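Chain A is the first sequence line, chain B the second, and so forth, proteins listed ahead of strands; every chain is numbered from 1. Given the structure is predicted, the values throughout are model-derived calculations rather than measurements. All values below come from the heavy atoms of this structure, side chains included, with hydrogens, waters and symmetry mates left out.
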Amino acid sequence: MHDPITPDPSRRSFLKRSSALAAISLTPPAMVRAAEKGFDEKIAGVFEKMPLSVTINGTKQQLSIEPRVTLLDLLREQLHLTGTKKGCDHGQCGACTVHVNGRRVNSCLTLALTTEGKQVTTIEGLSKGEQLHPMQEAFIEFDGFQCGYCTPGQIMSAVACVREGHANTPDQVREFMSGNICRCGAYSNIVDAVMNAKQGGKTI
Amino acid sequence: MNQFEYTRASTQQAAIAALVKDEHAMFLAGGTNLVDLMKRGVTSPSRLIDINELPLAAIEQTATGLRIGAMVRNSDAAEHALVNRHFPLLSMAFKAGASPQLRNMATVGGNMMQRTRCPYFYDTAMPCNKREPGSGCGAIGGYNRMHAIFGASEQCIAVHPSDMCVALTALDATVTIAGPKAERKIAFADFHRLPGSTPQKDNNLQHGELITAVHIPFNHLTNVHYLKIRDRASYAFALLSVAAALNIKSGTIREARLAMGGVAHKPWRLTEAEKALKGQPANETSFKKAAAIAMEGARSYGHNDFKLKLAPNAIAEALRLASV
Ligand SMILES: Cc1cc2nc3c(=O)[nH]c(=O)nc-3n(C[C@H](O)[C@H](O)[C@H](O)COP(=O)(O)OP(=O)(O)OC[C@H]3O[C@@H](n4cnc5c(N)ncnc54)[C@H](O)[C@@H]3O)c2cc1C
Ligand code: FES
Ligand code: FES
């Protein structure tokens, strides 16, 4: 029986040729032509890019991507929005936190195609031009970072934490910010920043 | 990550039909377990059928309980007024799981279906009977600190990592499953499996079946607590966890429900301990006695020896916290 995920040896050796793969991922029509020339339809199918329409930081994007691209890789590699960081790439650190339709999620475990028709906000979309978001200001004022690598994720998470109503006490902030790991251990200042931003009277 | 095809399903029927057509296709819900496994090359579906648009995200009160749709996000269920009012044990379990971001993504159906797993399952360079039947178990005789103390087999000693499922087991929930032909219902406690000689099967869902909801019957459990013990205060899998639910009247336990997580291949119901608690005074002596009974038949594998001591203490502590 034909097994769609175990191609026959000739196809497998074809698949192993990374140069061929790279060429194909850049030019999907080439793949379609290859399919017409006798490659298995299934294989043509899996290499095909799919359309994605998504609003990122207020700008509507019409994209064409492979199904396996994560939202994180789409943001960083294709849209060059490198503010969102890749820490673990496995949902364990929170560095990749962004908002999808207002909810904080790990973009490393979000397949980009699942954001069709949705609103994505990254750290780049938080400020209004040169005017920093109150949470960004609070992180600066209270020294909520050292190396800064986790910071975009911390700030995106912190904004959601306040909006969700989960920033009422320092203990609650600790619990509801636990999805963001800080390798430098800036935690106590992060809690101060979140509490102060919350209490500062500005709209978060 | 391997290449795959991607389809969005707009109806339940279409989702099931698409799955039935391709034996290597899988449903995609929140993706928090599946995408992770795909990135590590542990799971390589030919096609993902995105079920995020299916209208299965409601929480509704029925004549006899609460019906929670399979696509309800863990965070939404945790905060829902009806869940909080009727099943605070379940809210506690939800809030103890993963992180706020992951809970925003993770669905009820996906949480049930997340793989029973261990580091050897993830490491494709190591043997694992669950990942590759017949290859051996790296954890037996290997590093097994997180592993099972109940119901394991010579083939597999991994544990089911869910918090939600432990509470749903204690709450006698029922799972509703839609298939290509008909709908069926299965008791939550019968959904997951012990490893036996088929550790590759975590549960009794068949290919082509879709979880549509869980139903939790109303109860008279007046005193509940979900105790999760982990290596850090938050955002970590359970070393072990205990869901304790009691009906206490005038200091006497009328009914008891107990289940544990992090100790077996499936959420582990402590039936004998429950029986031992019934009719007893709600005090330390009863709790410790029940905990000792619950531990009968437990065995450890070296690095997880500590669980033999931690588990009874945690059971007694969960009962104590529930009873106050
Ligand atoms: C870093 C990290 C920490 C975590 N910590 C915890 C924790 O402490 N406690 C805890 O309980 N969990 C924890 N988890 C696991 C998390 O809860 C699960 O990954 C999540 O619940 C899976 O749900 P999902 O919707 O994302 O499923 P997906 O990843 O989309 O799917 C998982 C599986 O379920 C199948 N599936 C999904 N929906 C259905 C359906 N309706 N019918 C049939 N099959 C379906 C999919 O095909 C797939 O096989 C953690 C995960 C990560 C990454
Ligand atoms: S990069 Fe996504 S959680 Fe670490
Ligand atoms: S500031 Fe360095 S990781 Fe957090």
Of all heavy-atom pairs between [X] and [Y], which one has the smallest distance, and what is that distance?
X: A:L74; Y: A:A112; answer: CD2-CB, 3.9 Å
X: B:T212; Y: B:A178; answer: CG2-CB, 3.8 Å
X: B:Y6; Y: B:R8; answer: OH-NE, 3.3 Å
X: B:P45; Y: B:F4; answer: O-CB, 3.5 Å
X: A:P67; Y: A:M50; answer: CG-SD, 4.2 Å
X: B:H147; Y: B:A139; answer: NE2-CB, 3.4 Å

Under a 4.5 Å cut-off applied to non-hydrogen side-chain atoms, are [X] and [Y] in contact?
X: B:M112; Y: B:C165; answer: yes
X: A:D89; Y: A:L109; answer: no
X: B:V42; Y: B:R131; answer: yes
X: B:E132; Y: B:P127; answer: no
X: A:E175; Y: B:S234; answer: yes

- Can you name the residues of residues 26-41 of chain B that have some heavy atom under 4.5 Å away from a heavy atom in chain A?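 Within residues 26-41 of chain B, the residues that come under 4.5 Å of chain A (heavy atoms only) are B:L28, B:G30, B:G31, B:T32, B:V35, B:D36, B:K39, B:R40.
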**OP:** Please list, in residue-number order, every residue in residues 95-104 of chain B that has a heavy atom less than 4.5 Å from any heavy atom of chain A; write 'none' if there are none.
**Re:**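 Within residues 95-104 of chain B, the residues under 4.5 Å from chain A are B:K95, B:S99, B:P100, B:Q101, B:L102, B:R103, B:N104.
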Select, from [options], the one with the greatest count of heavy-atom pairs under 4.5 Å involving chain B.
options: A:T97, A:V100, A:T70; answer: A:T97
options: A:I181, A:L113, A:T110, A:T114; answer: A:L113
options: A:V105, A:L111, A:N180; answer: A:V105

Requested in this report: Report yes or no: is the cationic atom of A:R174 (NZ for Lys, CZ for Arg) closer than 6.0 Å to the six-membered ring centre of A:F176, at no more than 45° off its axis?
Outcome: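 Judged by the rule, A:R174 and A:F176 form no cation-pi pair.
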Going by residue number, which parts of residues 143-172 of chain A are within reach of chain B, meaning a heavy-atom gap below 4.5 Å?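 Those residues of residues 143-172 of chain A which have a heavy atom under 4.5 Å from chain B are A:S157, A:E164, A:H166.
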Quiz item: Does a side chain donor of either A:T122 or A:E124 reach within less than 3.5 Å of an acceptor in the other side chain?
Solution: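 Result is yes, a qualifying pair exists.
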| message | For residues 104-115 of chain B, which residue pairs pass the salt bridge (charged side-chain N to carboxylate O under 4.0 Å, His left out) check, not counting sequence neighbours? | response |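 Qualifying pairs: B:R115-B:D202.
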